[in-house]
Amino acid sequence: MPGPMVAYNPGKLRFVPTKTDETGVIEGVVDQGAIIYNSSAEASN
Amino acid sequence: MIDNNFLCRFGVVGEVWKRYISTVSVNTMTVGAPDAVELSIPPSFVEHETEQLRLGRFSKTKGNRLGDCCEGKNCVAYLLRGNNIALHPYLTPSQQLEFDAHGTIIEGPCLLDIRKTVTAIAMLYRNDCVGVSPHNVMPVRVPFYNRVNEPGGYNASEMIMPSDVRLPFAPTNQNSVVLLSIPLPGHVYAGSDGGLQPRKTPVCANED
């Protein structure tokens, strides 16, 4: 394996629909939330 | 005859990726721990991946919509609460620019399905209970890697590290395309320190 990769863990992700119609979701974003490295959080620890 | 959907499910992700990672060079192409491996697989940063995880992606100039993940109805995006459509294929930064500039449609798996495939193989390897032989290796081609514990990267606790998945580089007849394959069960397993240890009998993860 050439390098690290984020593990598949849908429980850590949050889907946010941004556009819907009667059929359901048309557009949206996936919020990766706390899995993203936060340098300021690290600095405060 | 193996159809494209079958290949996709097992991590073989199409001609685009094949071309993309054809730049990878491997000095040692033997099953087992290679002595030296040189790779030129690029990093994929959070900002880029956030864009890849957006549903409803259109070419900025042509206006056409990017297709669905090649997994179709099996795309793991359906597992996200509140969602009822598949994600789009993961595009490398250069592919994204091409799509935005010319509307070039590229097929392949979405980012979540790439993560799923790699994670599944890592779990199989750790469990060491699959009947995999050199004749039925489960290939996965990894087109990028993520940064860890630095801006633009992810927390280390969320990552599969190379030391977790010491997959040998198997010989391939597909023109410089690297196949990451699982070694024979019972030969080695990943120890708690991430190193390879000898094992006499394969065991499954659910055995004590």
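Sequence lines set the chain letters: A, B, ... in the order given, protein chains first and strands last, and positions in each chain run from 1.
Nearest heavy atom pair, residue B/Asn84 against residue A/Gly24, reads ND2-CA, 3.4 Å. For the residue pair B/Met159 and A/Pro4, the shortest heavy atom distance occurs at CE-CB, 3.8 Å. Taking every heavy atom of both residues into account, B/Asn149 and A/Tyr37 meet most closely at CA-CD1, 3.4 Å.
Below 4.5 Å, heavy atoms of chain A meet heavy atoms from B/Thr50, B/Leu53, B/Arg54, B/Leu55, B/Gly56, all part of residues 50-57 of chain B. Using a 4.5 Å heavy-atom cut-off against chain B, the contacting residues of residues 25-32 of chain A are A/Val25, A/Ile26, A/Glu27, A/Gly28, A/Val29, A/Val30, A/Gln32.
Rounding to the nearest 0.5 Å places NZ of B/Lys116 at 7.0 Å from OH of A/Tyr8. Interatomic distance, A/Phe15 CZ to B/Ile85 CD1, rounded to the nearest 0.5 Å: 6.0 Å. With rounding to the nearest 0.5 angstrom, the CD1 atom of A/Ile35 is 8.5 Å from the CG atom of B/Asn146.
Proximity to chain B is limited to the backbone of A/Thr23, based on heavy atoms less than 4.5 angstrom apart. Heavy atoms closer than 4.5 Å to chain B are found nowhere in A/Lys19, neither backbone nor side chain. With a threshold of 4.5 angstrom between heavy atoms, B/Phe58 approaches chain A through side-chain atoms but not through N, CA, C or O. B/Leu79 touches chain A through its side chain: at least one heavy atom from C-beta onward sits under 4.5 Å away, while N, CA, C and O do not.
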